[in-house]
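Everything on this sheet refers to the single structure shown next.
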Amino acid sequence: MVLSGFSLSIAAGACTFLGAVLVFLRSRIGRKELSFFLGLAAGVMVAVVAFDLVPSVLVSGGRGGFIFGALAGWALIALITMLTSPGNNGNGHRMVRIGYLIMLGIALHDLPEGMAISLGYEVSSRTAAAIALGIGIHNIPEGMAIAAPLLMGGRGRIKAGIEILAVGLVTPLGFLLGKLAVTILPHYFGFFMGLASGVMVFLVLRQLWPEARRTNSRWRYIGGLLGITIILLATYI
């Protein structure tokens, strides 16, 4: 059972790389497409926090830990943003930095996702499979959201692909941590969910949406609505 669940977590994580491949197949990414992808990432992250992470904490408990984790996540990503701000404000440097910040936020998010698959197995294998399917679906646009700014900043496809593939490995790592959490860290689930939420809310408010507005394209709204819709369908259908 554990091996089967671990395989599900690997498949769900691999969908992040699949999303990146869809972006890599394009010869170039224009202003409208960048606006769409940034909006998509913002929509996905907002929906995951609102319809996935918060409800999970409300059901399982750990609200205090969630709040503390959210504040810690916001502070962590704010510090990293400050330390990684390049002296050169050129568009290429800015895009690469945003790509890596998105990557960090998604990696932190993938950790509790892997844990969710593991904890789902404590209920039934069918529950774990449903969770893995939902995670896999919204990992695809997440991979697209990472790849787009990296390519816009001049990052090579092979290097970016390897880095994004590594992000996908965080989900099965979370699965293993989930197995550990069941026995010795049951009260830290809320904190991990809060940490991911704080990171993603910061990214949306301070990075993704402001950058999408720079493109001066209404495609950001379409991307945002699509991202929210994808997560809603993956969560409630």
Side-chain angles (χ1 to χ4, degrees), residues 4-26 36-56 73 98-121 127-151 157 160-178 192-193 195-197 199-201 203-204 208 223-237:
S4 177
F6 187 66
S7 300
L8 285 173
S9 68
I10 292 176
C15 287
T16 305
F17 180 71
L18 175 60
V21 170
L22 296 177
V23 175
F24 293 160
L25 292 177
R26 300 298 303 271
F36 173 80
F37 287 130
L38 291 173
L40 181 70
V44 165
M45 290 186 176
V46 167
V48 164
V49 171
F51 305 118
D52 186 0
L53 301 187
V54 171
S56 295
I98 287 176
Y100 282 130
L101 289 172
I102 296 172
M103 188 183 299
L104 175 62
I106 288 175
L108 288 173
H109 169 229
D110 285 351
L111 193 66
E113 281 186 342
M115 293 176 66
I117 297 174
S118 178
L119 296 173
Y121 245 109
T127 299
I131 294 173
L133 176 61
I135 290 172
I137 290 174
H138 71 62
N139 275 353
I140 294 176
E142 286 178 351
M144 296 170 71
I146 296 173
L150 288 179
L151 292 187
R157 282 174 168 78
I162 293 174
E163 292 164 348
I164 295 171
L165 189 61
V167 172
L169 297 177
V170 176
T171 302
L173 174 61
F175 178 89
L176 297 177
L177 289 177
F192 288 126
M193 291 292 185
L195 187 70
S197 297
V199 169
M200 288 191 288
V201 170
L203 287 175
V204 171
L208 294 177
L225 289 174
L226 180 60
I228 293 173
T229 301
I230 289 173
I231 301 304
L232 278 173
L233 292 176
T235 302
Y236 295 109
I237 292 183

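Atoms considered below: every heavy atom in the structure, side chains included; atoms not considered: hydrogens, waters and symmetry mates. Numbers here are sequence positions counted from 1.
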- request: Answer yes or no: is there a donor N or O on one side and an acceptor on the other, between the side chain of D110 and the main chain of V170, under 3.5 Å?
  value: no
In Å and rounded to the nearest 0.5 Å, what is the [atom1] to [atom2] distance from [X] to [Y]?
{"X": "F17", "Y": "L22", "atom1": "CZ", "atom2": "CG", "answer": "10.5 Å"}
{"X": "L225", "Y": "L232", "atom1": "CG", "atom2": "CG", "answer": "10.5 Å"}
{"X": "I162", "Y": "L165", "atom1": "CD1", "atom2": "CG", "answer": "8.0 Å"}
{"X": "S118", "Y": "L176", "atom1": "OG", "atom2": "CG", "answer": "8.0 Å"}
{"X": "I146", "Y": "N139", "atom1": "CD1", "atom2": "CG", "answer": "9.0 Å"}
{"X": "I140", "Y": "L18", "atom1": "CD1", "atom2": "CG", "answer": "4.5 Å"}

What pair of heavy atoms forms the shortest contact from [X] to [Y], and how long is it?
{"X": "C15", "Y": "G136", "value": "CB-O, 3.2 Å"}
{"X": "M103", "Y": "L150", "value": "CE-CD1, 3.9 Å"}
{"X": "L8", "Y": "A132", "value": "CB-CB, 3.9 Å"}
{"X": "P172", "Y": "I10", "value": "CB-CG1, 3.9 Å"}
{"X": "A12", "Y": "T171", "value": "CB-CG2, 4.4 Å"}
{"X": "A47", "Y": "I228", "value": "CB-CA, 3.8 Å"}

Close side-chain approach of L173 and L111, heavy atoms under 4.5 Å: yes
message: Are the side chains of L226 and F36 in contact, using a 4.5 Å heavy-atom criterion?
response: yes
query: Which residue pairs pass the salt bridge (charged side-chain N to carboxylate O under 4.0 Å, His left out) test with at least one member in residues 160-178, sequence neighbours excluded?
result: R155-E163
